[in-house]
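So that the names make sense, note that chain A is the first sequence line, chain B the second, and so on, each numbered from 1.
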Amino acid sequence: MHHAFALIDCNNFYVSCERVFNPKLLGRPVVVLSNNDGCIISRSDEAKALGIKMGAPLFQAREAVAAGGVAVFSSNYALYGDMSARVMETLHEFTPEVEVYSIDEAFLDLSGCREADLSELGRRIRAQVYQWTGIPVSVGIAETKTLAKVAARVAKSSCKARGVVNLVASPHLEQALERVAIQDVWGIGPNYARLLRTHGVTNALELRAVDDRWMRRRTSVTGQRIVLELRGTSCLPLELCPPSQRSLTVSRSFGRPVETLAEVREAVACYTTRAAEKLRRRQLAANVLVVFLMTNRFRDAPQYAASTVVRLPAATAYTPELIGHALAGVEQIYRAGYEFKKAGVTLIELVPEAPVQSAMFDRLDRERAQRLMQTVDEINRRMGSQTLRFAATGLKQTWQTRLEHRSPRFTTCWEELLRPQKPPAKT
DNA sequence: TCTGGGGTCCTAGGACCC
DNA sequence: TCTGGGGTCCTAGGACCC
């Protein structure tokens with residue numbers, strides 16, 4: 001019995017989200033920026049046509065942006081996360097076998113579907129998601145996940161495909177493989193692409209013919225699997241319940257260079273607070289905390305980067321305790337005389353939060369701490385995040401990340417709901 | 001002046017143990 | 001001239017993903 005996987009991939013996802021709530025953006029070039037308004041991370045087709053590159057820093061694309069009349073947005077993850085959930089919910093209408101692979105992609109296992117019905121099912125999924133969420137998607141269907149990725153890529157680039165490509169038992173399989181450049185194959189990054197090109201392998205069709213033992217030697221099992229998957233041997237199963245999370249990071253670039261220990265402490269306290277919130281929302285606790293701090297690698301100035309690992313006395317998700325350890329870490333790695341650009345906190349060795357296991361000489365009443373955090377989280381959920389804050393996070397936070405072009409949080413914030421436009425005043 | 005953030009997996013090599 | 005072998009655990013670094 002053959003597998004059939006579908007990859008559902010949202011087109012230009014962040015831009016599409018902005019357009020749902022602002023239809024005037026349809027047909028116009030639009031880009032969405034990374035945190036700190038630094039790089040371009042989502043582009044409409046019109047923006048791509050202007051030659052604006054993925055990942056380009058905004059300041060380098062300024063000219064094209066101005067000349068093309070490009071609409072620019074800061075990223076609005078509250079909005080995108082919520083839209084993503086709506087898309088995924090829609091997909092569950094078709095099958096419970098949904099692997100949410102990223103914010104804008106999901107794999108579906110369609111092995112139960114009759115081969116003759118696969119293409120039609122793909123078209124129905126695409127139409128339903130568009131009708132219910134306003135998000136356009138591409139659908140790729142094939143016998144392995146890697147081939148489904150190939151199919152979705154072809155679906156995106158071909159007008160004729162109308163958003164759906166089915167490669168199961170398709171006479172066009174080789175044609176499709178040939179159209180996908182080596183660096184666009186799932187799992188082939190810049191380094192492997194360079195290696196393969198020096199051996200004359202330039203597209204997915206040629207990669208399929210590569211000796212898989214050679215591939216194994218040069219690129220480990222991950223590369224070998226790609227070759228096998230391209231040949232139709234499924235090596236990557238659908239992950240219905242992904243293994244529990246192993247690490248959790250909160251880090252940000254500063255809105256401006258930061259030099260003083262006081263400001264670094266504030267920022268790290270802030271990031272630690274966010275990390276602890278994430279931990280609790282996922283019902284986890286951490287055993288180890290890593291703090292890191294670095295200068296701007298793009299600047300011609302003295303460089304310094306450091307990190308330190310703090311093993312916690314017991315697994316915890318208690319904000320004040322985590323802040324305390326994080327700040328002790330900051331004291332260790334901070335050096336005066338540098339312009340810092342970024343800091344962050346990573347939590348590892350995550351374990352399920354309850355029941356609380358106390359160390360022998362634990363001075364903290366962990367049950368009380370947990371109740372306190374529940375109360376704080378509830379208040380912040382109801383009254384808006386940062387209603388209750390920890391003093392260590394500072395008041396003015398002048399180092400904060402820039403977000404100058406953010407759209408309203410249309411779907412997750414009462415104050416920012418979409419309102420009907422006032423009709424223009426009659427004159 | 002302006003260059004994101006958050007993840008995972010694999011391997012090699014050293015430390016350590018019997 | 002001659003220097004075990006094999007297992008486990010940990011870490012750092014590299015590669016990739018969106």
Side-chain angles (χ1 to χ4, degrees), chain A residues 7-14 31-43 53-63 65 72-77 80-81 84 99-107 145-146 149 152-153 182-196 215-226 235-236 239 242-257 271 274-275 278-279 282 288 290 292 294-301 307 309 311 339 341-350 400-406:
Chain A
L7 175 68
I8 317 299
D9 192 343
C10 300
N11 298 344
N12 315 330
F13 182 55
Y14 298 166
V31 299
V32 174
L33 304 177
S34 64
N35 269 314
N36 217 25
D37 293 346
C39 297
I40 290 162
I41 54 168
S42 182
R43 306 160 296 157
K53 294 274 176 280
M54 180 66 178
L58 177 62
F59 74 93
Q60 278 174 14
R62 284 264 187 229
E63 241 171 79
V65 165
V72 176
F73 291 88
S74 302
S75 36
N76 183 346
Y77 288 104
Y80 310 150
S84 172
E99 175 188 340
V100 177
Y101 176 68
S102 73
I103 194 166
D104 67 339
E105 282 171 80
F107 286 103
K145 282 179 161 183
T146 307
K149 277 273 195 181
R153 178 164 279 277
I182 190 68
Q183 70 274 10
D184 295 333
V185 175
W186 190 38
I188 303 294
N191 278 293
Y192 291 166
R194 190 163 10 93
L195 170 73
L196 286 159
M215 198 64 183
R216 156 97 218 209
R217 218 166 43 243
R218 304 302 297 267
T219 66
S220 89
V221 291
T222 8
Q224 185 182 30
R225 274 189 212 128
I226 296 168
C235 307
L236 305 168
E239 307 258 1
S244 71
Q245 194 174 11
R246 306 184 60 86
S247 74
L248 185 164
T249 302
V250 174
S251 73
R252 293 281 179 282
S253 295
F254 304 130
R256 57 168 175 77
Y271 303 159
R274 290 280 304 119
K278 283 191 190 179
L279 263 185
R282 296 166 202 187
V288 174
V290 183
F292 57 91
M294 60 190 74
T295 49
N296 188 344
R297 68 182 197 280
F298 295 103
R299 292 264 303 248
D300 186 19
S307 68
V309 179
R311 176 157 285 279
E339 293 194 338
K341 179 59 179 170
K342 181 176 179 176
V345 176
T346 297
L347 301 170
I348 48 181
E349 288 188 28
L350 308 184
Q400 264 201 354
T401 294
R402 280 185 300 268
L403 264 185
E404 287 167 10
H405 311 277
R406 207 194 63 207

For [X] and [N], what is the distance between atoms [atom1] and [atom2] respectively, to the nearest whole Å?
X: K341(A); N: dT1(B); atom1: NZ; atom2: P; answer: 13 Å
X: I188(A); N: dC18(C); atom1: CD1; atom2: C1'; answer: 16 Å
X: N36(A); N: dG4(B); atom1: CG; atom2: P; answer: 8 Å
X: E105(A); N: dT8(B); atom1: CD; atom2: P; answer: 17 Å
X: R252(A); N: dT3(B); atom1: CZ; atom2: P; answer: 15 Å
X: Y192(A); N: dC10(B); atom1: OH; atom2: P; answer: 11 Å
X: F59(A); N: dG4(B); atom1: CZ; atom2: P; answer: 10 Å
X: Q245(A); N: dG5(B); atom1: CD; atom2: P; answer: 18 Å

Taking the side chain of [X] as its heavy atoms from C-beta onward, which of [options] lies nearest to it?
X: Y101(A); options: dC10(B), dC17(C), dT3(B); result: dC17(C)
X: S253(A); options: dG4(B), dC18(C), dT3(B); result: dG4(B)
X: N35(A); options: dC2(B), dA15(C), dG5(B); result: dG5(B)
X: S102(A); options: dC2(B), dC18(C), dG4(B); result: dC18(C)
X: D104(A); options: dG7(B), dT1(B), dC18(C); result: dC18(C)
X: T249(A); options: dG7(B), dG5(B), dC16(C); result: dG7(B)

All N/O pairs under 3.5 Å across the protein-nucleotides 11-13 of chain C interface:
none

task: Sticking with atom C1', work out how far dC17(C) lies from dG4(B), rounded to a whole angstrom.
output: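 So the two C1' atoms sit 15 Å from each other.
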
For [N], does either OP1 or OP2 sit under 4.0 Å from a side-chain N or O belonging to [X]?
X: K342(A); N: dT3(B); answer: no
X: R299(A); N: dC2(B); answer: yes
X: S251(A); N: dG4(B); answer: no
X: N191(A); N: dG14(C); answer: no
X: S220(A); N: dC9(B); answer: no
X: R216(A); N: dC10(B); answer: no

So [X], base contact, sugar-phosphate only, or nothing? Heavy-atom distance under 4.0 Å.
X: V32(A); result: nothing
X: S247(A); result: sugar-phosphate
X: R282(A); result: sugar-phosphate
X: R274(A); result: nothing
X: R256(A); result: nothing

Most 5' of R297(A) and P243(A) on DNA chain B, judged by nearest nucleotide: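 The residue whose closest nucleotide sits nearer the 5' end is R297(A).
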
Earlier contact from the 5' end, DNA chain B, for L248(A) and P57(A): P57(A)

Atom CZ of R256(A) with >12 non-hydrogen neighbours under 6.0 angstrom: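 Yes, CZ of R256(A) has more than 12 neighbouring heavy atoms, counting only those of other groups under 6.0 Å.
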
- prompt: Is L33(A) close to I40(A) at the side-chain level, that is, under 4.5 Å between some pair of heavy atoms?
  reply: yes

- prompt: For Y80(A), which residues count as a ring pair (Phe, Tyr, Trp, His ring centres under 6.0 Å) partner, sequence neighbours excluded?
  reply: Y14(A), Y77(A)

message: According to ring pair (Phe, Tyr, Trp, His ring centres under 6.0 Å), who are the partners of Y192(A), at least two apart in sequence or on a separate chain?
response: none

Pair D37(A), S74(A): side-chain N/O donor-acceptor within cut-off below 3.5 Å: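 Yes, a side-chain donor-acceptor pair sits under 3.5 Å.
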
Main-chain N/O of [Y] paired with [X] side-chain donor or acceptor, under 3.5 Å:
X: S307(A); Y: F292(A); answer: no
X: E99(A); Y: E239(A); answer: yes
X: S84(A); Y: I103(A); answer: yes
X: N296(A); Y: F298(A); answer: yes

- request: Go through the structure and list residues passing salt bridge (charged side-chain N to carboxylate O under 4.0 Å, His left out) with R402(A), not counting sequence neighbours.
  value: none

- line: The side-chain hydrogen bond (donor to acceptor under 3.5 Å, both in side chains) partners of T295(A) (sequence neighbours excluded) come to Q303(A)

- request: Using the six-membered ring wherever Trp is involved, compare the ring planes of F254(A) and Y271(A) and label them parallel, tilted or perpendicular (cut-offs 30° and 60°).
  value: parallel

field: Nucleotide-level pairing of DNA chain C, given in dot-bracket where Watson-Crick and G-U pairs need both distances under 3.5 Å and | marks other strands
entry: ....||||||||||||||

